[in-house]
2 protein chains.
Amino acid sequence: MKKINIHIADDHKIMIDGIKAVLKTDSSIQVVGESLNGIQVIDWYKTNTSDVLILDINMPELDGLDVLRGLKGKKRSPKIIVLSSYDDIKLIREVLKMGASGFLAKNCAGESIIEAIKTVFSGEQYFSESVKKRIYSDFTGQPSGVDVVPEGTFYNELTNRETDVLRLIANEMSSKAIALALSISVNTVETHRKNLIKKLNVKNVVGLALYAVKHNIV
Amino acid sequence: MKKINIHIADDHKIMIDGIKAVLKTDSSIQVVGESLNGIQVIDWYKTNTSDVLILDINMPELDGLDVLRGLKGKKRSPKIIVLSSYDDIKLIREVLKMGASGFLAKNCAGESIIEAIKTVFSGEQYFSESVKKRIYSDFTGQPSGVDVVPEGTFYNELTNRETDVLRLIANEMSSKAIALALSISVNTVETHRKNLIKKLNVKNVVGLALYAVKHNIV
DNA sequence: TACAGGCTAACGGTTTTCCGTGATATAAAA
DNA sequence: TTTTATATCACGGAAAACCGTTAGCCTGTA
């Protein structure tokens, strides 16, 4: 029988090794690739492919959202299971919209990752327990489907790119360093920075950093 | 042969399961307990014991540092290996001072955790590669062995005035504004700022702001 | 198709931060 | 009493942040 091929992306090597060890217990699954940041993932899928991608959201360079964007629409693109420390409802909605098939909060059990892989491989969606609860309570709590948070205090207010830049700023990186990391011009980074300061109505980088902390963008 | 007993503490269940899976590959090690936050760890050690404790620093309720403090000096206390996303030199020094025997950055490989367990169990200290580098570069950076940061104990290292300045910085104020607020010279504020950056081992104001948030100075 | 939103980029100029280095005064501790 | 810690201030130069403004390109949608 053909095995299910997996690629794992997480910035913590020890996490990757842990997941690999868990997956080794199931003979129908094999890990064929791994990445420590978003750039590596995108690169890998240029010349390789897998059935399923386990994708951490918080990664340096390019994060999970960037990767989703990068892989979206590509032919022979893998089913994607998003891994995240935070099971924010807006984040969940966002990644599903961007083509993810599953969402695992990191507080889920190890075996559930095997379950998740098999489920999304078969074409269905998979959510870990706490994520399911979030979705249900969001559903019952806001029956109209109208956003309670009008101006998307988290994922709507800022564009994806702005969030990228903000995260790196909150990582103590200078504009120059950010430009290098994202492979864009310093001018562009500064533009994003200016827009962020204006949008979030803060005075300087410190305000940006505080916002980032408050909204778990760090 | 007697096996080495391990307790694992991490707020991410999936991380615990991953580590467990890795450790299962070595027959001389067995996991006898696990915790999802600091309170559970402390509770567990009231009625149980293990040879080694794998301790994540970032946990809700009580974090790793609190646990170290709580277990310190207890008889039959385990050897402790600290797991952390950040390999900050001050944090490393701090946890060692508080009785930890090893320090693993989460970017280390999975097998190194087995190596770490055996090493600390035998009574020696263990550090993952990136941590070793940090320690060496810190050492060579200050050749005399004299601390540039005198008794910077990570928590109470700031003087009153420095705390004042830090608070205002974290309030998005510029040096000029701070000077006005405190009725001192801009030069003085800048000196404090420099000392803060050096003391707290951060790169820039952003680092200062994050520190301020983390320690409720804001 | 036209329009809006998002990403990219540039330029010139001002302000602020960052860094090293050195110095003085005072009060507490060894 | 000598040492140490704290708080104060100064200068000069490099780097980075901040500000306003403009503009081309692409994509999704009305």
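Letters A, B, ... mirror the listed sequences (proteins, then strands); counts begin at 1. Scope of the values below: all heavy atoms of this structure, side chains included, with no hydrogens, waters or symmetry mates.
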Rounded to whole Å, please give me the gap between CG in B/N195 and C1' in C/dT17.
15 Å
Is it the case that the side chain of A/Q30 and the backbone of A/K3 share a donor-acceptor pair, with hydrogens and angles ignored and the cut-off at 3.5 Å?
no
Rounded interatomic separation in angstrom, taking CD1 from B/I184 and P from D/dT8
5 Å
List the protein contact pattern of nucleotides 19-24 of chain C with one symbol per nucleotide (5' to 3'): B for base contact, S for sugar-phosphate-only contact, - for none; contact means a heavy-atom distance under 4.0 Å.
BBB---
Under 4.0 Å, heavy atom to any atom of DNA chain D: which of residues 171-183 of chain B qualify?
none
If I take atom CD1 from residue A/I80 and atom CG from residue A/L96, how far apart are they, to the nearest 0.5 angstrom?
11.5 Å
For the residue pair B/R193 and B/M173, what are the closest heavy atoms and their distance?
NH2-O, 4.4 Å
Rounded distance (Å) that lies between atom P of D/dT6 and atom CG of B/N160:
9 Å
Taking atom P of C/dT26 as reference, at what distance in whole Å does atom CZ of B/R161 sit?
17 Å
Between P of C/dC18 and NE2 of B/H192, the distance in whole Å
15 Å
Nearest-neighbour nucleotide for the B/S185 side chain, D/dA17, D/dA10, C/dC7 considered
D/dA10
Contacts of type side chain to side chain contact (heavy atoms under 4.5 Å, CB included), residue B/K176, not counting sequence neighbours:
B/S174, B/V186
Name the nucleic acid region contacted by A/V186, choosing base, sugar-phosphate or nothing; use a 4.0 angstrom heavy-atom cut-off, strictly under.
nothing
A/V82 versus A/A100, closest heavy-atom pair with distance:
CG2-CB, 3.8 Å
Just by modelled atom types, is the A/E172 backbone N or O under 3.5 Å from a matching donor or acceptor in the B/N204 side chain?
yes
Results of salt bridge (charged side-chain N to carboxylate O under 4.0 Å, His left out) for A/E129 - residues two or more places apart only:
A/K132
So, is A/T188 near the phosphate of C/dA9, with a side-chain N or O under 4.0 Å from OP1 or OP2?
yes
Would you tabulate the pairs of protein nitrogen or oxygen atoms and nucleotide nitrogen or oxygen atoms of nucleotides 3-5 of chain C closer than 3.5 angstrom?
none

Within this structure, what is the CG-to-C1' distance between B/L168 and C/dT16, rounded to whole angstrom?
16 Å
Measuring from B/T188:OG1 to B/I178:CD1, what's the distance to the nearest 0.5 Å?
12.0 Å
Please state how far atom CG in B/N187 lies from atom C1' in C/dC18, giving the value in whole angstrom units.
13 Å
Non-neighbouring partners of B/N187 that pass side chain to side chain contact (heavy atoms under 4.5 Å, CB included), sequence neighbours left out
B/S185
Counting only N and O atoms by type, is there a donor-acceptor contact under 3.5 Å from the side chain of A/Q40 to the main-chain atoms of A/L36?
yes
D/dT6 P sits how many Å from B/L196 CG, rounded?
12 Å
Can you tell me if B/S128 uses its side chain to pair, donor with acceptor, with the backbone of B/A105 under 3.5 Å?
yes
